[in-house]
**Student:** 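I'd like to ask some things about the structure below.
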2 protein chains.
Amino acid sequence: MTGLRERKKQRTRDALIRAAHELFITQGYEATTVDQIAEAVEVSQRTFFRYFTNKEEVALFVQGMVTGRFQEAFRTRPIDEHPMESLRHTLDATWDGLSLAIGEIVPLELHMKMWQVIEMTPALVTANLRLSLVMEEKLAMEIARRTGVDIDRDPRPRVLVAAFAGVMSAAGRQVGLCGDASLETARRVTNAYVDHLGPALSADWSRDHGSCTV
Amino acid sequence: MTGLRERKKQRTRDALIRAAHELFITQGYEATTVDQIAEAVEVSQRTFFRYFTNKEEVALFVQGMVTGRFQEAFRTRPIDEHPMESLRHTLDATWDGLSLAIGEIVPLELHMKMWQVIEMTPALVTANLRLSLVMEEKLAMEIARRTGVDIDRDPRPRVLVAAFAGVMSAAGRQVGLCGDASLETARRVTNAYVDHLGPALSADWSRDHGSCTV
DNA sequence: TTGTCAATTGTCAGTCGCTGACATTACTCT
DNA sequence: AGAGTAATGTCAGCGACTGACAATTGACAA
């Protein structure tokens, strides 16, 4: 099945990702040149660009895997569940399977450090948002399908997903910038953010809703 | 007061923006080179980069003005208003003053066409999201100030703003891609999206909430 | 095993976005 | 009118990215 050719490709791709991660983490994203990454894996720059369409892609590859997983997991939720509930549960499931999902490519610790680099680097922050966009559209379509609404007439699927994704991005930003690169913190802050969506919209904004110290 | 120097600078800057808009709209963003823009205004490429830090900036300059206006307008809302209400009213006010605000730089029609170009161009979509990010943070700070909550302990300001901004972006995407570049459509769709945030989160997703045909 | 085919890679040249350095021009103000 | 400063042009160069073509290397049949 998996010929030598395929395995070799897989190996260089993974090597490129790991080398890129290490360089980005130690030197920063902007200060790292594509030539350096290619050189670290002993391939030509041209080969790098045959594996990744641009420098951002190698930095966000793992993130892309995670959001891909998220989408898949979302579709397995019971169909009678409220979409927001489905999103919440899918989020939990994604956290649970994170290490397993990405472990073969990059150790969890490296991924968490890379997360910080991403949030520190404007170019990567926005490239990351583009990933969310793609996911948003897919999730909205899936929700529309499940709830039987016409996505071109009823804005609710896109609105719900947009709100969710917006809050997730904001949470991710906080996590990446807070200095604590532990999975637990990431999960706690993200959950807290999503949980506060209802209260934030509710009429009563009076007293403290705290308890989300980074 | 306004010496010849200042006026001249203003004029070349505006000329660059307008030339860029026309080129982007007719040829597309990627296909337009910075040299072309500079040449159209008869300045050197180097001068272009003294007015705008990069090619994206000239494309999103007007958008930046609008979001800047939005932030300012937000602060004039009564302090006892619910933040979401303030955002909604500020949105209305921004629509009302749009033509007046940008008219001196670029005619409204050009701006609306540019909007389509932006949503069609991945690089600009993401650069646009970066603008939103900056605004998000400022709005969240302002909301925290007004409501007297500690932004580092209570996630609600950031969550509320993130949800709002996410929905706005989604609406903007729909508007930009729907083919209809009229102000009325833009305003209608945007309002519809924001208005559906509550219903989308409510427990009852049963029947049609439509009426937002593009 | 060997030879053919196709996939992968390297090399090279070139475009485009963008920047620093320095000389040149153009306004301002006395 | 002339000194001083701000704006601009020119040039050289870096890094991301691409197309074209040649060289290498697995795959697979004879």
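To find a chain, count down the sequence lines: A is the first, B the second, and so on, and within it residues start at 1.
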**Student:** Expressed as a whole number of angstroms, how long is the span from K9(A):NZ to dT24(D):P?
**Tutor:** 21 Å

**Student:** Look at the side chain of R46(B) and decide which nucleotide, out of dT10(D), dA16(D), dT11(C), has an atom nearest to it.
**Tutor:** dT10(D)

**Student:** Heavy atoms under 4.0 Å, any strand shown: does T47(B) hit a base, just sugar-phosphate, or nothing?
**Tutor:** sugar-phosphate

**Student:** Does the distance from a Lys or Arg side-chain N to an Asp or Glu carboxylate O, for R187(B) and D96(B), drop under 4.0 Å?
**Tutor:** yes

**Student:** Picking from dT8(C), dG10(C), dC18(C), which would you name as closest to the side chain of V43(A)?
**Tutor:** dG10(C)

**Student:** According to side-chain contact (heavy atoms from CB on, under 4.5 Å), who are the partners of R5(A), at least two apart in sequence or on a separate chain?
**Tutor:** none

**Student:** Under 4.0 Å between a side-chain N or O of K8(A) and OP1 or OP2 of dG26(D)?
**Tutor:** yes

**Student:** Would you say the base of dT25(D) and the side-chain of R5(A) have a donor-acceptor pair closer than 3.5 Å?
**Tutor:** yes

**Student:** Does the distance from a Lys or Arg side-chain N to an Asp or Glu carboxylate O, for E22(B) and R18(B), drop under 4.0 Å?
**Tutor:** no

**Student:** Atom CZ of F52(A) to atom P of dT18(D): distance rounded to whole Å?
**Tutor:** 14 Å

**Student:** Could you tell me the separation between the CZ atom of F49(B) and the P atom of dT10(D), rounded to a whole number of Å?
**Tutor:** 16 Å

**Student:** Using a heavy-atom cut-off of 4.0 Å across all strands, would you classify S44(A) as base, sugar-phosphate, or nothing?
**Tutor:** base

**Student:** Can you tell me the distance, in whole Å, between the CG atom of D35(A) and the P atom of dC12(C)?
**Tutor:** 14 Å

**Student:** Need one value for F48(B): base, sugar-phosphate or nothing, where a base atom within 4.0 Å counts as base even if backbone is also close, heavy atoms only.
**Tutor:** nothing

**Student:** Would you say Y51(B) places a side-chain N or O within less than 4.0 Å of OP1 or OP2 belonging to dT8(D)?
**Tutor:** yes

**Student:** What I want to find out is whether R173(B) reaches E137(A) closely enough, with some N-O distance under 4.0 Å, to be called a salt bridge.
**Tutor:** no

**Student:** Is the base of dG10(C) touched by the side chain of R50(A) through a donor-acceptor pair closer than 3.5 angstrom?
**Tutor:** yes

